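Everything below concerns the one structure shown next.
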Amino acid sequence: MTAPTKPSHNGPSDPAAKPSRTPAPGTAPDTVPDQAPAAPGTSPAGEREASGVPLHAPVIDWFDEHARDLPWRRPEAGAWGVMVSEFMLQQTPVSRVLPVYEQWLARWPRPADLAAEAPGEAVRAWGRLGYPRRALRLHGAAAAITERHGGDVPADHAQLLALPGIGEYTAAAVASFAYGQRHAVLDTNVRRVFARAVTGVQYPPNATTAAERKLARALLPDDEASAARWAAASMELGALVCTAKNESCHRCPIAAQCAWRLAGKPAHDGPPRRGQTYAGTDRQVRGRLLAVLRDAHVPVPQSALDQVWHEPVQRARALDGLVADGLVEPLADGMYRLPLS
DNA sequence: GAGTCGTGGCT
DNA sequence: TAGCCAAGACT
């Protein structure tokens, strides 16, 4: 267990966390005409909260009722638990994170516990979650926390942002979920909810824009507790109801105010959302190479790695990349292992 | 700003 | 089936 940290504020298991209703967060974004929404099907989908009706209250109420009981939302998770979960959840579904998260926290209940291990152990414990550089970065973040912050996950947004593997989203998420602070937490779920409910389009832009950040700040409730609750609730709405495909508007607490739905749910028009191919890529080769090293608890000869991919040039490039990333440590005599340092 | 970086379930 | 998608970060 970590040193006592402030309780999580985003969990469904904390009735006291139910915030007071706050009034609309000031005025709507300034690009917005101050008028009632057009009739369904005729709205050009202005950049605003439709009719000025605040979104927080219905979304937070919905969250109170429907939030998943996830381990990192329980008070005992602490800031370290929240942080570990955020690393693992980057581009990875909850269902795959759950078992690895439990094992991770049981083995390394505090940052210092992880920092005391070889980075290769973090990579091994990462298992098949994907993007194993996250494991290395989490290990590096644990080391930095141990050295610079006395072993406690910092509560300061700038200090979080300075840790390896923590970017704009994760810094805001940890500060909000673990410490109850007021931050715009813009992940892919929230961006999609805002794109639809407020902007009136099916999908947000490929990269987060300044306009999205501005909108997110404008929609943030004034008080800390409500803001933290709103961050978790809007994210959950995107994850469970306002999904990328097959959205469930009939279960949505703000369907009546959703600009996209009111506009007749027009299809996405802009540039195609970049797809990801995988078969035959370096990523697939890297994955196979690392899988061999994860499963071996002793150094592995080059010949064993050569088995995973037939094409020598790509195979060598992938292995070099893993070494360059610090995920693989080359030894003498053509042996390889997960990094000890 | 566009590319890169894993993995597996779902449609 | 072959894409599409899942709580991004980093270069």
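Small disclaimer: the values here were computed from a predicted structure and weren't measured. Every chain is numbered from 1, with letters handed out A, B, ... down the list of sequences.
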Could you tell me how far apart [X] ([atom1]) and [N] ([atom2]) are, to the nearest whole angstrom?
X: Glu86(A); N: dA7(C); atom1: CD; atom2: C1'; value: 5 Å
X: Leu136(A); N: dG8(C); atom1: CG; atom2: P; value: 20 Å
X: Leu327(A); N: dC5(B); atom1: CG; atom2: P; value: 12 Å
X: Arg134(A); N: dG6(B); atom1: CZ; atom2: C1'; value: 8 Å
X: Leu290(A); N: dT7(B); atom1: CG; atom2: P; value: 7 Å
X: Leu163(A); N: dG8(C); atom1: CG; atom2: P; value: 19 Å
X: Leu289(A); N: dC5(B); atom1: CG; atom2: P; value: 12 Å
X: Asp320(A); N: dC5(B); atom1: CG; atom2: P; value: 13 Å

Of the listed nucleotides ([options]), which one gets closest to any side-chain atom of [X]?
X: Thr188(A); options: dA7(C), dC4(C), dA9(C); value: dA7(C)
X: Tyr131(A); options: dA7(C), dC5(B), dT7(B); value: dC5(B)
X: Ala244(A); options: dC5(B), dA9(C), dA6(C); value: dA6(C)
X: Tyr203(A); options: dC10(C), dG8(C), dC5(C); value: dC5(C)
X: Arg137(A); options: dA7(C), dT11(B), dC10(C); value: dC10(C)
X: Arg128(A); options: dC5(B), dG8(B), dA7(C); value: dG8(B)
X: Lys245(A); options: dC5(C), dA7(C), dT4(B); value: dC5(C)
X: Asn246(A); options: dT7(B), dA7(C), dT11(B); value: dT11(B)

Between Glu236(A) and Arg73(A), is the closest basic N to carboxylate O distance under 4.0 Å?
yes
Would you call Asp325(A) and Arg286(A) a salt bridge, taking side-chain N to carboxylate O under 4.0 Å as the test?
yes
Using a 4.0 Å heavy-atom cut-off across all strands, classify [X] as base, sugar-phosphate, or nothing.
X: Gly167(A); answer: sugar-phosphate
X: Leu129(A); answer: base
X: Gln284(A); answer: nothing

Got more than 12 heavy atoms from elsewhere within 6.0 Å of CG, Asp295(A)?
yes
Is there a donor-acceptor contact under 3.5 Å linking the side chains of Arg96(A) and Tyr101(A)?
no
Output yes when at least one side-chain N/O atom of [X] is less than 4.0 Å from OP1 or OP2 of [N], else no.
X: Ser95(A); N: dA6(C); value: no
X: Tyr278(A); N: dT7(B); value: yes
X: Arg192(A); N: dA6(C); value: yes
X: Gln91(A); N: dA6(C); value: no

Can you find a donor-acceptor pair, distance only, under 3.5 Å between Arg283(A) side chain and dT7(B) base?
no
hbond_proxy Thr277(A) side chain to dG3(C) base (donor-acceptor, 3.5 Å cutoff)
no
Quote, to the nearest angstrom, the [atom1] distance that separates [N] from [M].
N: dC4(C); M: dG3(B); atom1: P; result: 16 Å
N: dA2(B); M: dA7(C); atom1: P; result: 22 Å
N: dT1(C); M: dG6(B); atom1: P; result: 26 Å

Examine distances only and state if a side-chain atom of Glu247(A) and a backbone atom of Cys242(A) form a donor-acceptor pair shorter than 3.5 Å.
no
Start with the C-alpha gap between Asp306(A) and Arg315(A), add the side-chain angles, then the distance that decides, and say whether salt bridge (charged side-chain N to carboxylate O under 4.0 Å, His left out) holds.
CA-CA 7 Å; Asp306(A) 288 346; Arg315(A) 193 176 65 217; 3.1 Å; yes
Residue met sooner reading DNA chain C from 5', once Ala239(A) and Gly165(A) are mapped to nucleotides:
Ala239(A)
Does the gap between the ring centers of Trp104(A) and Trp126(A) come in under 6.0 Å?
yes
